[in-house]
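To start, the structure under review is shown below, and the notes come after it.
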Amino acid sequence: MSFDFNLILQSLPQMLAGLGITLQLLLVSGFLGLLLAILLLLMRISGKLYLDWIAQVYIYVFRGTPILVQIFIIYYGLPQFEAIRESMFWQILREPTGCAILALTLNTGAYVSEILRGGVLSVDKGLLEAGSALGMSARQKFIYITTPLATRLSLPAYSNDVISLLKSTALASTITITDMTGIARTIVADTYAPYEVFISLAVVYIIFTFGLQKLFGVIEKYLSRYTVREE
Amino acid sequence: MEVLNGWWDDYFWGAIIVVEVFIASLCLMILFGLIGAGAKLSSNRLAQRIASAYTVIFRGTPEILVILLLYYGSAITLTAIAQIFNPEIKFVDVPPFWAGTIAISLIVGSYATETFRGAFLGVNPGSIEAARALGMSTLQTFIYIRIPEMWRIALPPFGNHMLSLTKDTALISIIGLNETLFVAKQAITVTGKPFTMYIVVGIIYLGFSTIITLSVMGIEKFGNRTTVGTR
Amino acid sequence: MSDNNTKPLIEMIGVSKFFGTFQALKNIHLKVYKGERIVICGPSGSGKSTLIRCINRLEKHNDGRINIDGIDLTDKVENIDAVRREVGMVFQNFNLFPHMTIAKNLMIAQQLVRKTPKAKARQVAMQYLERVKIPEQADKYPIQLSGGQQQRVAIARALCMNPEIILFDEPTSALDPEMINEVLDVMIDLAKDGMTMVCVTHEMGFARSVADRVIFMDEGEIVEEASPQVFFDHPANERTRTFLNQILSH
């Protein structure tokens with residue numbers, strides 16, 4: 001049993017051709033998911049009970065079920081309904097890519113909103129009291145005190161979620177999308193060489209993850225520039 | 001809804017499989033996590049390096065990829081080995097249950113490594129010093145001071161690891177484990193109702209998540225009964 | 001000192017405050033007149049912080065009335081905002097906004113609450129930074145300043161809003177000993193200029209030299225209220241004597 005390096009050299013370019021799709025899934029879902037997360041966060045801290053409730057139920061459902069099931073429900077399940085097939089969303093929901101992006105967005109939105117909420121709750125209460133004492137309104141306190149500080153505080157957990165999102169994009173391969181994992185599975189089916197193909201693909205993901213961690217490290221350092229004493 | 005008749009017992013046995021995977025992978029996850037944490041905390045450079053590699057690899061690789069690699073890779077390896085002894089053998093399989101269980105245990109175990117390591121370091125050094133000053137041995141300090149405190153610190157993230165294990169079980173359906181998602185796929189070919197079938201899977205997993213979350217909350221409350229003050 | 005013909009600036013009548021079943025303030029009656037310097041002392045848990053935090057509505061009182069310069073302190077937002085415009089506060093932990101420069105810390109409330117234009121806000125900020133003697137720190141971040149400097153900035157920040165009254169909640173308790181005096185000096189300076197001050201503190205030297213009245217609180221009640229001479233030399237109440245013995249003995 002030997003390790004076929006030639007095979008790796010042949011299959012890597014093929015798998016990397018799927019990098020574009022992986023990136024597309026990551027960036028689009030990441031961005032839309034962040035918007036959704038902010039919306040859910042505002043609903044949770046709005047003070048209006050019914051908004052808080054709806055957001056909580058949503059987050060509970062999407063964090064409590066496997067993302068693969070969510071992908072299957074959207075891609076395989078929704079076409080069961082004629083109403084969906086006739087609607088204007090059908091163009092998006094017919095395509096596996098659209099479904100994958102939708103599922104990933106809905107899922108990451110739930111996780112990120114809790115991360116942001118954790119950041120908001122971590123802001124030193126004393127600072128908000130100082131704002132109150134100075135006469136600032138609730139809205140002013142949220143914009144000028146809470147948001148800048150919560151953003152920095154949320155960053156470590158958020159970077160972990162982005163990495164999770166990257167790994168979840170591999171699940172798109174289960175609904176026929178030819179991202180890097182999808183291509184890899186095809187190659188393995190042809191060549192019966194799971195070790196060479198999957199291990200080299202794993203290395204690609206690990207490098208990608210490493211890059212993301214470094215990137216977030218830089219951002220964190222920049223945002224924390226006022227928390228470190230310069231002697 | 002009547003379409004589900006006849007499938008309830010299949011779903012039931014699928015859910016049992018989820019429980020079995022959970023129990024097996026929970027034990028392994030704790031084992032891997034403790035070994036990893038122990039290695040990282042030890043003074044042995046080699047152990048630290050190996051543990052670091054472990055966490056980097058399994059936190060940076062998509063879960064589905066690890067499952068596929070372990071399943072197909074082990075099949076290839078075992079077949080090759082078996083063929084040495086008996087050239088007649090065409091194919092040796094690793095049961096999807098074990099390939100999947102070991103895969104998700106390794107993955108969540110890498111996160112558990114960090115959790116246990118953090119919990120160990122998070123124990124108040126003052127408490128340790130006090131115990132030693134009182135004359136308690138290293139072992140006594142470990143059992144009566146370190147472990148209870150570590151447990152309290154690790155519990156919330158540990159609860160999340162248990163949730164991850166539960167949800168990752170759905171991924172094992174991809175390699176043929178007949179848990180609930182797998183059952184759903186079969187049911188769809190017969191009934192033609194993908195949405196209904198997958199929603200049931202979602203509900204079952206949501207049920208498991210809820211049980212785990214409530215249990216962890218209960219244990220947390222019990223664990224914190226002495227530390228939460230009145231004012 | 002106190003003019004009985006004019007209305008008090010702060011008036012608390014029969015004020016009680018509960019945290020759940022625990023009663024932090026029991027039937028408090030207090031009058032503070034313009035220009036007075038009041039020091040409140042007492043053991044921890046006596047309710048002194050709660051009392052002053054009720055004055056600017058950081059805590060909500062459950063019973064009784066609180067009146068600040070004619071404004072009744074209720075749930076009405078306009079009233080609360082009006083009160084907070086008149087009352088400034090200095091916190092034990094300074095509570096400077098860590099993500100803003102010193103100057104911005106002093107300017108932000110002027111710009112948002114008083115709608116002061118940026119240039120004027122900066123001018124006012126620099127003026128008060130000079131007053132607390134650290135104008136050169138204007139463009140630094142709070143983390144770069146010592147505790148004593150941060151607290152002086154906090155005092156300047158409160159002053160930028162031109163309050164009628166300043167509340168001090170244990171302003172020197174979180175400071176290393178060598179920095180306490182620089183803050184007390186600023187407070188003495190303020191007192192000389194006639195600022196109305198209500199100060200919760202353990203600094204008895206400050207109380208003796210600056211206060212018009214010293215109030216001793218214990219278990220949510222005002223136990224004794226007197227001029228510093230009477231308070232420190234001939235305290236009337238047994239509990240006051242016990243407390244003074246405890247804190248002044250070493």
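Quick caveat, the model's predicted, so the values are computed rather than measured. Chain A is the first sequence line, chain B the second, and so forth, proteins listed ahead of strands; every chain is numbered from 1.
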Q) For A:Arg85, does the CZ atom have more than 12 heavy-atom neighbours from other residues, nucleotides or ligands under 6.0 Å away? A) yes
Q.
Regarding B:Thr77 and A:Tyr195, do their side chains bring together a donor and an acceptor under 3.5 Å, going by distance alone?
A. yes
Q.
For the residue pair A:Gln10 / A:Asn6, report whether a side-chain donor-acceptor contact shorter than 3.5 Å exists.
A. no
Of the backbone (N, CA, C, O) and the side chain (C-beta and beyond), which part of [X] lies under 4.5 Å from a heavy atom of chain A, both, or neither?
| X | result |
| --- | --- |
| B:Tyr111 | side chain |
| B:Leu206 | both |
| B:Ile199 | both |
| B:Ile57 | both |
| B:Thr210 | both |

Please identify, among [options], the residue contributing the most non-hydrogen atom pairs under 4.5 Å to chain B.
| options | answer |
| --- | --- |
| A:Thr181, A:Ile73, A:Thr209 | A:Ile73 |
| A:Gln213, A:Gln70, A:Arg63 | A:Arg63 |
| A:Ile207, A:Leu68, A:Leu78, A:Val203 | A:Leu68 |

Where [X] and [Y] come nearest, the two heavy atoms and their spacing:
| X | Y | answer |
| --- | --- | --- |
| A:Ser173 | A:Ala170 | OG-O, 2.7 Å |
| A:Pro194 | B:Leu69 | O-CD1, 3.7 Å |
| B:Val123 | B:Ile153 | N-CD1, 3.9 Å |

Q) To the nearest 0.5 Å, what is the distance between CG (A:Leu155) and CD (A:Glu220)? A)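 CD of A:Glu220 is found 5.0 Å from CG of A:Leu155.
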Q. At what distance, to the nearest 0.5 angstrom, does OG of B:Ser173 lie from CZ of A:Phe72?
A. 6.0 Å
Contact origin within [X] toward chain B - heavy atom pairs under 4.5 Å:
| X | answer |
| --- | --- |
| A:Leu201 | both |
| A:Tyr60 | both |
| A:Val61 | both |
| A:Ile206 | both |
| A:Thr65 | both |

Q: Please say which of A:Asp161, A:Leu40, A:Ile59 ends up in a side-chain contact (heavy atoms from CB on, under 4.5 Å) with A:Glu114.
A: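 Exactly one pass, corresponding to A:Ile59.
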Q: Using atom types as modelled and distance alone, determine if a side-chain donor or acceptor of A:Ser11 lies under 3.5 Å from a backbone N or O of A:Leu7.
A: yes
Who wins among [options] for the most heavy-atom pairs under 4.5 Å with chain A?
| options | value |
| --- | --- |
| B:Ile81, B:Ile174, B:Thr169 | B:Ile174 |
| B:Leu65, B:Ile64, B:Val56 | B:Leu65 |
| B:Thr166, B:Leu163, B:Leu171 | B:Leu171 |
| B:Leu181, B:Ile188, B:Val201, B:Asp168 | B:Leu181 |

Q.
I want to check something: taking the side chain as every heavy atom from C-beta on, are B:Glu179 and B:Phe182 in contact at a cut-off of under 4.5 Å?
A. yes
